[in-house]
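Predicted model, so just to flag it, every value in this text is computed and none were measured.
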Protein chains: 2
Amino acid sequence: MVDYDDISRCDCTVIHEDVVNRVKSNMPPDERLYDLAELFKVFGDTTRVKILWALDESEMCVCDLAVLLNMTQSAVSHQLRVLKQARLVKFRKDGKNVYYSFDDDHVKSIFEQGLLHISEG
Amino acid sequence: MVDYDDISRCDCTVIHEDVVNRVKSNMPPDERLYDLAELFKVFGDTTRVKILWALDESEMCVCDLAVLLNMTQSAVSHQLRVLKQARLVKFRKDGKNVYYSFDDDHVKSIFEQGLLHISEG
DNA sequence: TAATCACATGAACAGTTATTCATATGTTCA
DNA sequence: TGAACATATGAATAACTGTTCATGTGATTA
């Protein structure tokens, strides 16, 4: 049944109530889809994609990444924080340096699927 | 060899030149990584994720989606345009209605990989 | 111990984006 | 033909985001 308390913001009439109800009952909870979007938001930035791609190739320190990407150390550091929070990279400290590396098995395959999509243009 | 013309904005010294050079030579071209980020940017919004998830379940018209998501028809329509531009959904017209449906084989598997990641928290 | 280096971080700013509102287009039907 | 409906779209606005700048922290070394 359509929950009419929930459709207050919608300015349409319900055309296919059966479809809406079926789809609604099969949808993952909002929170889950929100988390999913949050994850993809992390991938939705060229700098972060480059960093992830680089770290999949080799462990690198912040300075190396800054040189590679031709960006300030600060900008790279800010983005690494985002990647860290999303549990996509890990790091180890060695003296003054901090070495970042890849920390996820799924990301590469997500990227590969993404590349398949944009290749079919 | 490090291209010193390219590191003007970096305030670091090159620490591991060999690593930087190797990684740089293996990186896909900037344009490709940019396109990849643009694709993920599309997935980086809860509304669009919900729409894609719904359309994977069933073809739906704009009003149905608006009801399902408890959003205005206008908001949904704007997002459908984004999805259309990214070639993630297709549509067919039938009278006054426009029916949207899924148009990509990779997206679902991208989503599934994403769910794997957020499930491991 | 003082200087230097690698890195982190808060504040600020500019650019982007999602939604809303108003309105336009095109179809159906009385 | 005119009213009603489904959808699209441009403009405006509020919220968000990525980079820069200035500065702080902690480790090294002269």
Show me the protein contacts with nucleotides 15-18 of chain D, counting only N or O atoms at under 3.5 Å.
residue: dG18(D); atom: OP1; partner: Arg48(A); partner atom: NH1; Å: 3.1
residue: dG18(D); atom: OP1; partner: Arg48(A); partner atom: NH2; Å: 2.6
residue: dG18(D); atom: OP2; partner: Arg48(A); partner atom: NH1; Å: 3.3

What protein N or O atoms touch nucleotides 8-15 of chain C N or O atoms at under 3.5 angstrom, if any, and at what distances?
residue: dA8(C); atom: OP1; partner: Tyr100(A); partner atom: OH; Å: 2.5
residue: dA8(C); atom: OP2; partner: Ser77(A); partner atom: OG; Å: 2.7
residue: dA8(C); atom: N7; partner: Gln73(A); partner atom: NE2; Å: 2.9
residue: dT9(C); atom: O4; partner: Ser74(A); partner atom: OG; Å: 2.6
residue: dG10(C); atom: O6; partner: His78(A); partner atom: NE2; Å: 2.9

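Asp64(B) has its CG atom 16 Å from the P atom of dC5(D), to the nearest Å. When rounded to the nearest whole Å, the span between CE of Met60(A) and C1' of dC7(C) equals 15 Å. Across the protein-nucleic acid pair, Phe43(B) atom CZ and dA18(C) atom P stand 14 Å apart, rounded to whole Å. Across the protein-nucleic acid pair, Lys96(B) atom NZ and dT27(C) atom P stand 12 Å apart, rounded to whole Å. Between the C1' atom of dT17(C) and the CG atom of Leu83(B) lies a distance of 14 Å, rounded to the nearest Å. Between the P atom of dT25(C) and the NZ atom of Lys93(B) lies a distance of 14 Å, rounded to the nearest Å.
Ring-plane geometry between Trp53(B) and Phe111(B) is classed as parallel, the angle between the planes falling under 30 degrees on a 0 to 90 degree scale with a further cut at 60.
Note: the hydrophobic cluster containing Met27(B) also contains Val20(B) (ILVMFWY, side chain heavy atoms under 4.5 Å, direct or indirect links). Phe40(A) and Tyr34(A) fall into different hydrophobic clusters, defined by Ile, Leu, Val, Met, Phe, Trp and Tyr side-chain heavy atoms under 4.5 Å apart, directly or through other members. Hydrophobic clustering of Ile, Leu, Val, Met, Phe, Trp and Tyr side chains at less than 4.5 Å, counting indirect connections, keeps Met60(A) apart from Tyr99(A).
For the pair Asn97(A) and dC7(C), the criterion of a side-chain N or O lying under 4.0 Å from OP1 or OP2 is met.
A distance of 11.0 Å separates CG in Leu52(A) from OG1 in Thr47(A), rounded to the nearest 0.5 Å.
With a 6.0 Å cutoff to the six-membered ring centre and a 45° limit on the axis angle, Lys108(B) does not count as a cation-pi contact of Phe102(B).
Listed by chain and residue number, Lys50(A) satisfy the salt bridge (charged side-chain N to carboxylate O under 4.0 Å, His left out) test with Asp30(B) (two or more places apart in sequence, or in another chain).
Looking at Ser77(A) and Met71(A), their side chains never come closer than 4.5 Å, going by heavy atoms from C-beta outward.
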